[in-house]
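Before any comments, here is the structure.
We number each residue from 1, following the sequence as shown. Start at 1 and go down the list; that is how both ligands and their atoms are numbered. When reading the values below, keep in mind they use all heavy atoms of this one structure, side chains included, and skip hydrogens, waters and symmetry mates.
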Amino acid sequence: MLTVCTKVVVPYDNSELSKKALETAMMLAKQDERIELNVITVIDVTGSIYYYGNGDPVREAQLKEAKEALNEVEQKLKALPNKIKTYLLEGNPASSIVDFVKQENVDLIVMGSRGLSGLKEIFLGSVSHYVVQKSCCPVFIVK
Ligand SMILES: Nc1ncnc2c1ncn2[C@@H]1O[C@H](COP(=O)(O)OP(=O)(O)OP(=O)(O)O)[C@@H](O)[C@H]1O
Ligand SMILES: [Mg+2]
């Protein structure tokens, strides 16, 4: 087990399925305390035409919300003896996740099939679809 997935990443958007993905990753981590858990949230700045960088009220609100959600995650993960890290990134969520995975030598991604968007007809959301296609490591899709 450990040789296959020492470093596990959960891309986290605070959706119900990303919470479920986190639970699944915690379950895996409980199998061996040498498994490291990384939780990453990407603030999507690509869709905003009014993006002003530092001082932008929309960005500030998104950052605040994401920080609060990651604090909750950290509280939850404290129960584990494993090494835990949370990251807050800015950019395009799909490509940021794939770049992170490549740079950090991640062994396994655990993520939701869908996220915050309400569209249920399609099985995979755009972020999970992109990550499954482009990531260099296995992806565990929670549904
Ligand atoms: N901004 C993000 N940061 C980190 N992880 C994310 C982010 N957005 C989505 N994810 C991860 O991807 C999973 C699937 O979400 P995705 O965004 O692909 O679906 P969706 O929101 O239903 O559809 P779409 O965003 O394409 O309209 C989530 O459960 C979560 O694990
Ligand atoms: Mg989404």
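- The main-chain N or O of Arg114 is never found under 3.5 Å from a side-chain atom of Ser128 such that the two would form a donor-acceptor pair.
- Of the N or O atoms in Ile97, none lie within a sub-3.5 Å distance of an N or O in ligand 1.
- The protein heavy-atom contact nearest to atom 17 (O) of ligand 1 is Val127 CG2, 3.4 Å.
- Considering backbone and side-chain N/O atoms, Pro93 never comes within less than 3.5 Å of an N/O atom of ligand 1.
- At the shortest separation from atom 26 (O) of ligand 1 among protein heavy atoms lies Ser126 OG, 2.5 Å.
- A donor-acceptor pair is defined here as one N or O able to donate and one able to accept, closer than 3.5 Å; such a pair exists between the side chain of Asp107 and the backbone of Thr6.
- In terms of polar-atom proximity, Thr41 is not counted as a contact of ligand 1, lacking any N or O under 3.5 Å from an N or O of the ligand.
- With distances taken over non-hydrogen atoms, the option nearest atom 22 (O) of ligand 1 out of Gly91, Gly115, Ser15, Ala66 is Gly115.
- Panel note: side chain Asn82, backbone Asp32; a donor-acceptor pair is recorded below 3.5 Å.
- Checked against a 3.5 angstrom limit, the closest N/O atoms of Leu17 and ligand 1 fall outside it.
- At the top of the distance list for atom 30 (C) of ligand 1, counting protein heavy atoms only, stands Pro11 O, 3.3 Å.
- From the protein, the heavy atom lying nearest to atom 9 (C) of ligand 1 is Asp13 OD2, 3.3 Å.
- Counting only heavy atoms of the protein, atom 29 (O) of ligand 1 lies nearest to Arg114 O, 2.8 Å.
- Neither side chain, Asp99 nor Ser96, offers a donor N or O lying under 3.5 Å from an acceptor on the other.
- In terms of protein heavy atoms, atom 13 (C) of ligand 1 is closest to Gly112 O, 3.2 Å.
- At distances below 3.5 Å, not a single donor-acceptor pair connects side-chain atoms of Lys83 with backbone N or O atoms of Leu37.
- At under 3.5 Å, not a single nitrogen or oxygen of Met111, backbone or side chain, sits near a nitrogen or oxygen of ligand 1.
- Protein heavy atom closest to atom 1 (N) of ligand 1, with residue, atom name and distance, is Val42 O, 2.8 Å.
- Looking at Ser117 next to ligand 1, an N or O pair under 3.5 Å apart turns up.
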